[in-house]
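Comments concern the structure below.
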2 protein chains.
Amino acid sequence: MTSPVSSKSDPATEALGFAAHDHDHCVETAMAAAEARCNAEGLQFTPVRRKALEILLQEHRALGAYEVLDRLRDAGFGSQPPVAYRALDFLVANGFAHKIERLNAFIACAHPGTSHSPVFMICRLCDSVAEASAGPTRGALGQAARDAGFQIERTVVEAEGICPACSEKAQA
Amino acid sequence: MTSPVSSKSDPATEALGFAAHDHDHCVETAMAAAEARCNAEGLQFTPVRRKALEILLQEHRALGAYEVLDRLRDAGFGSQPPVAYRALDFLVANGFAHKIERLNAFIACAHPGTSHSPVFMICRLCDSVAEASAGPTRGALGQAARDAGFQIERTVVEAEGICPACSEKAQA
DNA sequence: GCGATATATGATATGAGATAACATGACAAG
DNA sequence: CTTGTCATGTTATCTCATATCATATATCGC
């Protein structure tokens, strides 16, 4: 894992997945949405958890647990691994973030609120990650599972390849 | 990772994925096929690599790199992690084995020879893993990638849930 | 065959990801 | 006010993975 520290362009207009967007705005929106849903569902949106989500949203890329931990420490929280893992577990369990198995890293959910089986596209050159939403058990996997009598509870769907931006760069 | 040491029934007729089969035969067949393909393509099917594949085929479940390493050491090969990782990398790179990202573990390919994007079903109760073959970029993922202009090179598709055998046990 | 180059193996050391186990603090229910 | 639950924090340890350097074995061009 090389962590190329994603070359940033304009702090307020980076790539979300592979499309430009207003970053500050999306962070605010997502935090507000999380806030609201925690209130609605009686979840404890505690300071560490809030900060962890904020970190993931700000970076807008997949972060390792220890990267999150570093930032949590900087923010005055505990400095030991369980601190980060517990906050991340909470975020993942409640759909505010996802774990990218291929990278052993975590990323803020790009479609908060929506109940979904996420699908990820991971650029192997710039490590950017885009989240798409897919029908839960349609397609080949669902069919294979039905044929085998397997009850799917959770799916991991991750594609590795080259994102549009890196693809253009390579051609130039 | 609890490693429940998969409860075995008859050594020669265990579960491949979720279906019964003649285990000894499938090991022989797979080894012969690997042998043949390495010859055909000029790949060096060296003793460590051969042994590593044999280990995965014999166990017929997902093994961590260090479990493979233990067995390689027992067989007289080097005892340091890179020994196992290099052998496994070779097997994965050439399609003789796959890495299950969700488990950080490796499993022998169940469809050797066929060029394929594998799809896995992982039982969270007994840790058994079944491999199904799926069209490479059809379905939701392929569509999302095309929409985004993302070039897929490799896909990870893993479903976690309950296998038929454990499902029956649970009902009893 | 013979030497040059590439490929494979081996050991050392360390980096990176993850969790078990235990202690403390906040808070609500009884 | 005490008991139970949940969140936080720390220590220690475990598992997974790779960079690096040294040595050996193939393979290819001559």
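We name chains A, B, ... by the order of the sequence lines, and we start the count at 1 in each one. As the structure is a prediction and not an experimental result, all values here were calculated from the model.
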Does the side chain to side chain contact (heavy atoms under 4.5 Å, CB included) test come out yes or no for B:Arg124 and B:Ile162, once each step is laid out?
-> CA-CA 6 Å; B:Arg124 86 174 144 80; B:Ile162 312 284; 3.6 Å; yes
Rounded interatomic separation in angstrom, taking OH from B:Tyr85 and C1' from C:dA16 = 11 Å
Side chain to side chain contact (heavy atoms under 4.5 Å, CB included) between B:Tyr85 and B:Phe90, intermediate numbers included = CA-CA 9 Å; B:Tyr85 280 102; B:Phe90 170 86; over 6 Å; no
For B:Phe77 and C:dA11, give me the distance from atom CZ to atom P, rounded to whole Å.
-> 12 Å
Phosphate OP1/OP2 of C:dA18: any A:Asn104 side-chain N/O under 4.0 Å = yes
Starting at atom CG of B:Leu103, determine the distance to atom P of D:dT15, rounded to an integer number of angstrom.
-> 16 Å
Between B:Gln80 and A:Pro82, name the one whose nearest nucleotide on DNA chain D is closer to the 5' end.
-> A:Pro82
Got a salt bridge between B:Glu54 and B:Arg49, using NZ or NE/NH1/NH2 to carboxylate O under 4.0 Å?
-> no
Should A:Asp70 and A:Arg73 count as an ion pair when the cut-off is N to O under 4.0 Å?
-> yes
Just how far, in rounded Å, is C1' of D:dA7 from CG of A:Leu91?
-> 14 Å
Could you tell me whether B:Arg37 and B:Glu41 make a salt bridge, using a distance below 4.0 angstrom between a side-chain N and a carboxylate O?
-> yes
Closest to side chain of A:Tyr66, choosing from D:dT18, C:dG17, C:dT9 = C:dG17
Rounded to whole Å, CG of A:Leu63 lies from P of C:dA18 at a distance of 13 Å
Just the table, please: protein N/O against nucleotides 3-8 of chain C N/O, every pair under 3.5 Å.
unit_1	atom_1	unit_2	atom_2	d
C:dA8	OP1	B:Arg49	NH1	3.1
C:dA8	OP1	B:Arg49	NH2	3.3
C:dA8	O5'	B:Arg49	NH2	3.4

Separation of A:Glu101 atom CD from D:dC16 atom P, in whole Å?
-> 14 Å
Taking for B:Pro47 and for A:Asp89 the nucleotide of DNA chain C with the nearest heavy atom, the one nearer the 5' end belongs to B:Pro47
Could you check how far CZ of A:Arg86 sits from P of C:dG17, rounded to whole Å?
-> 19 Å
Within the side chain of A:Ser167, is there an N or O that forms a donor-acceptor pair under 3.5 Å with the backbone of A:Cys163?
-> no
Rounded interatomic separation in angstrom, taking NZ from B:Lys51 and P from C:dG10 = 14 Å
Does any N or O in the side chain of A:Glu158 come within less than 3.5 Å of the main-chain N or O of A:Glu101, such that one atom is a donor and the other an acceptor?
-> yes
